Each structure stands twice: as C-alpha cells, then as structure tokens.
Protein chains: 2
Amino acid sequence: MLLRHPHNTEDCRAVSEILQRVGDKWTVLVVGKLGDGPLRFNELRAAVGGISQKMLTTTLRGLERDGFITRTVFPTIPPRVDYELTELGHELLIPVSALGEWARKNTTRVKAAREKFDGVHA
Amino acid sequence: MLLRHPHNTEDCRAVSEILQRVGDKWTVLVVGKLGDGPLRFNELRAAVGGISQKMLTTTLRGLERDGFITRTVFPTIPPRVDYELTELGHELLIPVSALGEWARKNTTRVKAAREKFDGVHA
DNA sequence: CGGCATCCGATTTGATACTG
DNA sequence: CAGTATCAAATCGGATGCCG
C-alpha cells in the first residue's frame, strides 16, 4: 500500500546511519578507488590524494569492520597489505555510484542555487 | 569506453561532497519527512524526533541554500513557516531512497560482519 | 511560532614522531 | 611499507536564554 518513498522513522534512521558511514570525508573516495581492483596501502593513499595515513587507516578499518573490504597481509619484508572490495562492497558501490552520477549531473544546479542564496542573504 | 563505474578523482570528490551534505546527522531524516509534502517548522521537528531546533534550523538552511527545499514565511501572528521539497529535492530523493533501500536490505549483513570483526579483534 | 546568539562538551581531522 | 601513538586544531551537536 506504500507506492511512494518508504520513509517511516525507522527506515530513515537506517538510511541515516549508513549515509553517515558512507558520508564521512574519505569513505567514498576509498571505495571508489578500490572499485577497479585491489590496491596496497600506499597505492590507495596516492590514488585518493590528500589523505593522511591516520585517516586512511581509520577509514579502512571501518570499511573492513562493516564487511565492505578485505585486508590481506603478505608477511614479507617489507610488508605488503592489499585491500579489496568484498561482494558486499561491490554491491554497495551500485547505489553509491547512482548517487554519484546524480551528483555529477546536478552540481551545476546546486552551485547555481548556492550562488542565488548567497546573493540574497549577503 | 568506460563500461565500469565512473570513479575518477574529480567525480569521487563530487560524490563525496554531496554525500557529506546528505550524510550529516539529520539531512536525510528531514528530507524524508518532507517527501510526503510541506511541513511547518515544529511539525517537522516533531516528525523527525530528537532534533534540537538549532540543528533543525541549520539543516534547513543548508538544504535551502543548495536548492533542495523552499522556505515560505506567512507573515501572520504567530508566524507560520512552511518547508517544502523543490523539484531538485524530489529528484535527489530518488537515488537517496535507492541507497536507503540497499541499507535496509543489508543491515543484517553489515551487522553480521561487525560482530565477526569485533569477535576476532576482541 | 520560529527562530538567533552564546557557551560548552564531544567528536573529527590533521600533523608529527616513532616502530616492526 | 604499513602502520601506531600522541597532541593540537577544527568542527559538530546540544542546552540555554532571548526576541519579533
């Protein structure tokens, strides 16, 4: 009987939670880079750009905890650690990419709205 | 020639930006409630639940600035202010709802992953 | 009713130094 | 190479009080 958007409070909370997980400063950037295949820690760092190793570690731990990536350690010297999207991670990338595409298509409209707003509320 | 996910750095930044906008503590809750139609300030406050008026104000201002909602003031006494999704806001709700649906369907898997991770890293 | 101003604690992020 | 530890800075969120 609900043909519209499902937005009762519980559902919205769930949405809000994962959006906060995914919506932190670095998560999507990292997941996006891993979308093409596994990367090592410093490869990922370079690919993302501008991220400190602390934040990269934090982000990766969170993603690993939630089951979006796997962490594989090769006990070599020097050590090598690969990060790779799990099946769940790839599935997450689908709606995230959709939102991303929306974002790319509409940045102009958003920027226009901002300029208009900032002009009025100068 | 790009049949895979589009995740070059610029695009990911754009995605990251809107995700941070949408991924703050209250934005999706508010947008979700407005999805059914316009609401007054305190109606919205009650509908969302648990939000302070400061944060509701901040959230609404941000959404208004980005062109996702309109703010209509009725110069009556006492004053009445209606908030309503714009066309852009409704369009945003589409990919956000998709992500939301993904979230609802996969909370179990995420929770399982967390418990497993927390068990190992006790 | 629908805000804004202020203060304060909590959380987040970043810079730097050190380690197996 | 891939982290951990620590500290400082910035931002966020909430509580309170006042106002048109």
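Treat the numbers as computed from the prediction; the structure is a model and nothing was measured. We use all heavy atoms of the structure for the numbers below, so side chains are in, but hydrogens, waters and symmetry mates are not.
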Could you check which of [options] has an atom nearest any side-chain atom of [X]?
X       : options               : answer
A/Asn42 : D/dC1, D/dG3, C/dG2   : D/dC1
A/Arg61 : D/dG3, C/dC1, C/dG3   : D/dG3
A/Arg71 : D/dG13, D/dA2, C/dT13 : D/dA2
B/Thr57 : D/dT4, C/dG2, C/dC4   : C/dC4
A/Val81 : C/dG3, D/dG3, D/dC1   : D/dG3
B/Gln53 : D/dA2, D/dG17, C/dC1  : D/dG17
A/Met55 : D/dG13, C/dG14, D/dT4 : C/dG14

Could you tell me the separation between the [atom1] atom of [X] and the [atom2] atom of [N], rounded to a whole number of Å?
X       : N      : atom1 : atom2 : answer
A/Glu43 : D/dA2  : CD    : C1'   : 13 Å
B/Leu56 : D/dA15 : CG    : C1'   : 16 Å
B/Leu60 : C/dG3  : CG    : C1'   : 11 Å
B/Arg80 : C/dG2  : CZ    : P     : 8 Å
A/Ile77 : C/dG20 : CD1   : C1'   : 9 Å
A/Gln20 : C/dA10 : CD    : C1'   : 14 Å
B/Leu29 : D/dG13 : CG    : P     : 12 Å
B/Leu44 : C/dC1  : CG    : P     : 15 Å

Sugar-phosphate, base or nothing in reach of [X], heavy atoms under 4.0 Å:
X       : value
A/Arg45 : nothing
A/Lys54 : base
B/Tyr83 : sugar-phosphate

Exercise. Only one of B/Lys116, B/Arg109, B/Lys111, B/Arg114 forms a salt bridge (Lys or Arg N to Asp or Glu O under 4.0 Å) with A/Asp66, so which one is it?
Worked result: B/Arg114
For this session: Quick one: closest heavy-atom pair of A/Arg65 and B/Phe117, and the distance?
Result: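 Shortest heavy-atom contact: CG-CD2, 3.4 Å.
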Seminar exercise, completed: Taking for B/Pro79 and for A/Trp26 the nucleotide of DNA chain C with the nearest heavy atom, the one nearer the 5' end belongs to B/Pro79
[Y] side chain reached by [X] side chain, heavy atoms, under 4.5 Å:
X       : Y       : answer
B/Phe41 : B/Leu60 : yes
A/Arg21 : A/Leu63 : yes
B/Leu93 : B/Phe68 : no

Exercise. Which residue lies toward the 5' end of DNA chain D, A/Phe41 or B/Ser52, if each is placed at its nearest nucleotide?
Worked result: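 Checking each residue's closest nucleotide, the 5'-ward one belongs to A/Phe41.
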For this session: Determine: side-chain N/O of A/Arg40 to OP1/OP2 of D/dA2, distance under 4.0 Å, yes or no.
Result: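 Yes.
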Exercise. Under the 3.5 angstrom rule, does the side chain of B/Thr86 hit a backbone N or O of B/Gly89 as a donor-acceptor pair?
Worked result: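 Yes.
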